[in-house]
Amino acid sequence: MRVYALHGWEVSTAQAREIQLSLAKRVVTENGVIKPRLVAGIDISAPDTQGVARGAVVILRYPEFSIVEVEIAEDKIDFPYIPGLLSFRESPLILAACKKVCNAPDLIMIDGQGIAHPRRFGLASHVGLFLDLPTIGCAKSILCGRHQTVGEEAGSHAELLDNGKLIGAALRTKTRVKPVYVSVGHRIDLASALQWVIKCCRGYRLPEPTRLAHLAAAGRLVFEPDSHRSEFDHDDR
DNA sequence: GCGACAG
DNA sequence: ATCTTGTCGC
């Protein structure tokens with residue numbers, strides 16, 4: 001069994017899975033009513049040829065969706081991509097970017113699963129637990145679980161079940177476009193998570209927090225303090 | 001044993 | 001995640 005460097009420690013993939021099982025017990029899957037004033041979106045870029053990637057966190061005012069802050073962390077990624085162990089690969093960079101944030105968000109949306117994970121401890125839960133903030137997992141595809149057909153209209157959703165257990169929902173965020181997969185990250189319930197993802201959608205498949213974080217991680221989101229956002233288009237590389 | 005498998 | 005141009009539709 002191979003071992004990987006993680007925060008200065010050497011862990012085998014088996015140990016990484018044990019760690020997840022242990023941490024999953026601390027995840028909180030409900031909370032009071034959340035009325036976010038600041039919502040954060042988090043994503044990470046794919047590593048370049050030298051293994052360097054960028055983690056981005058974008059802080060947005062709700063419900064205006066104006067950008068308050070953008071923070072980036074850049075570093076070499078060493079942990080490989082292994083389905084189910086994504087958080088060990090991405091969380092270090094994400095947490096590094098979060099440490100730079102001045103405007104603490106009330107809610108965070110992350111590009112990955114929350115508890116819709118084999119050991120109920122996906123990236124969004126991992127980050128939520130480490131930051132002790134409400135997080136929502138909003139992934140573009142399924143890691144585990146199944147669901148019935150989702151209505152074609154924006155807002156339609158279906159339960160995501162794993163061996164009969166409700167672990168999340170498939171949500172159509174845009175009419176006739178592939179659904180996204182929403183799950184509890186930490187300190188929120190599924191109904192609220194679904195509600196906030198829906199309320200953060202602005203005509204794109206991905207909700208604004210995650211969509212802008214993706215652009216920021218790719219270096220395609222320009223933010224001038226106290227001004228408005230400007231997104232580059234698809235041909236100015 | 002075989003297939004599936006967040007980014 | 002990435003490889004990839006133009007094209008169709010709102």
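Chain identifiers are assigned alphabetically (A, B, ...) following the order of the sequence lines, protein sequences preceding nucleic acid strands; residue numbering begins at 1 within each chain.
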Exercise. Would you mind classifying the nucleic acid contact of A:Ile94 as base, sugar-phosphate or nothing, using non-hydrogen atoms under 4.0 angstrom?
Key: nothing

Quiz prompt | For atom CD1 of A:Ile82 and atom P of B:dA6, their distance in whole Å | solution = 13 Å

Exercise. Please figure out whether A:Arg176 or A:Ala46 has its closest DNA chain C nucleotide nearer the 5' end.
Key: A:Ala46

Quiz item: What is the distance from CZ of A:Arg17 to P of B:dA6, rounded to the nearest Å?
Solution: 13 Å

Quiz item: Mind checking whether A:Met109 and A:Ile42 have side chains closer than 4.5 Å, heavy atoms only?
Solution: no

Practice problem: May I ask you to decide if the ring planes of A:His126 and A:Phe121 are parallel, tilted or perpendicular, using 30° and 60° as cut-offs? | Solution: tilted

Quiz prompt | Phosphate OP1/OP2 of B:dG7: any A:Lys140 side-chain N/O under 4.0 Å | solution = yes

Exercise. Applying salt bridge (Lys or Arg N to Asp or Glu O under 4.0 Å), run through A:Glu152 and A:Arg172 and close with a yes or a no.
Key: CA-CA 7 Å; A:Glu152 291 296 320; A:Arg172 189 85 65 182; 3.3 Å; yes

Exercise. Would you classify A:Gly84 as touching base, sugar-phosphate or nothing, given that sugar-phosphate means primed atoms plus P, OP1 and OP2, and contacts are heavy atoms under 4.0 Å?
Key: base

Quiz item: A:Tyr81 side chain N/O closer than 4.0 Å to the phosphate oxygens (OP1, OP2) of B:dA6?
Solution: yes

Exercise. Specify the separation, in whole Å, of atom CZ of A:Arg205 and atom C1' of B:dA6.
Key: 12 Å

Self-check item: Salt bridge present between A:Glu208 and A:Arg211 (N-O < 4.0 angstrom)
Solution: yes

Quiz item: How many Å lie between CZ on A:Phe79 and C1' on B:dG7, as a whole number?
Solution: 13 Å

Exercise. Let me have DNA chain B in dot-bracket notation, would you? Count Watson-Crick plus G-U wobble pairs, both distances under 3.5 Å, and use [ ] for pairs crossing earlier ones and | for inter-strand partners.
Key: .......

Practice problem: Decide, yes or no, whether a salt bridge links A:Arg54 with A:Asp48 under the criterion of side-chain N to carboxylate O below 4.0 Å. | Solution: no

Quiz item: Does A:Arg89 count as lying over the ring of A:Phe79, i.e. NZ or CZ under 6.0 Å from the six-ring centre, within 45 degrees of the axis?
Solution: no

Quiz item: Is it true that A:Lys35 and A:Asp106 have a side-chain N and a carboxylate O under 4.0 angstrom from each other?
Solution: no

Quiz item: To the nearest Å, how far apart are A:Leu215 CG and C:dA1 P?
Solution: 12 Å

Quiz prompt | Rounded distance (Å) that lies between atom C1' of B:dA6 and atom CD1 of A:Ile44 | solution = 13 Å

Quiz item: Do any side-chain nitrogens or oxygens of A:Ser141 fall under 4.0 Å of OP1 or OP2 in B:dG7?
Solution: yes

Quiz item: Tell me: CG of A:Leu86 to P of C:dA1, nearest whole Å?
Solution: 11 Å

Quiz item: Between B:dA6 atom P and A:Arg119 atom CZ, what is the distance in whole Å?
Solution: 13 Å

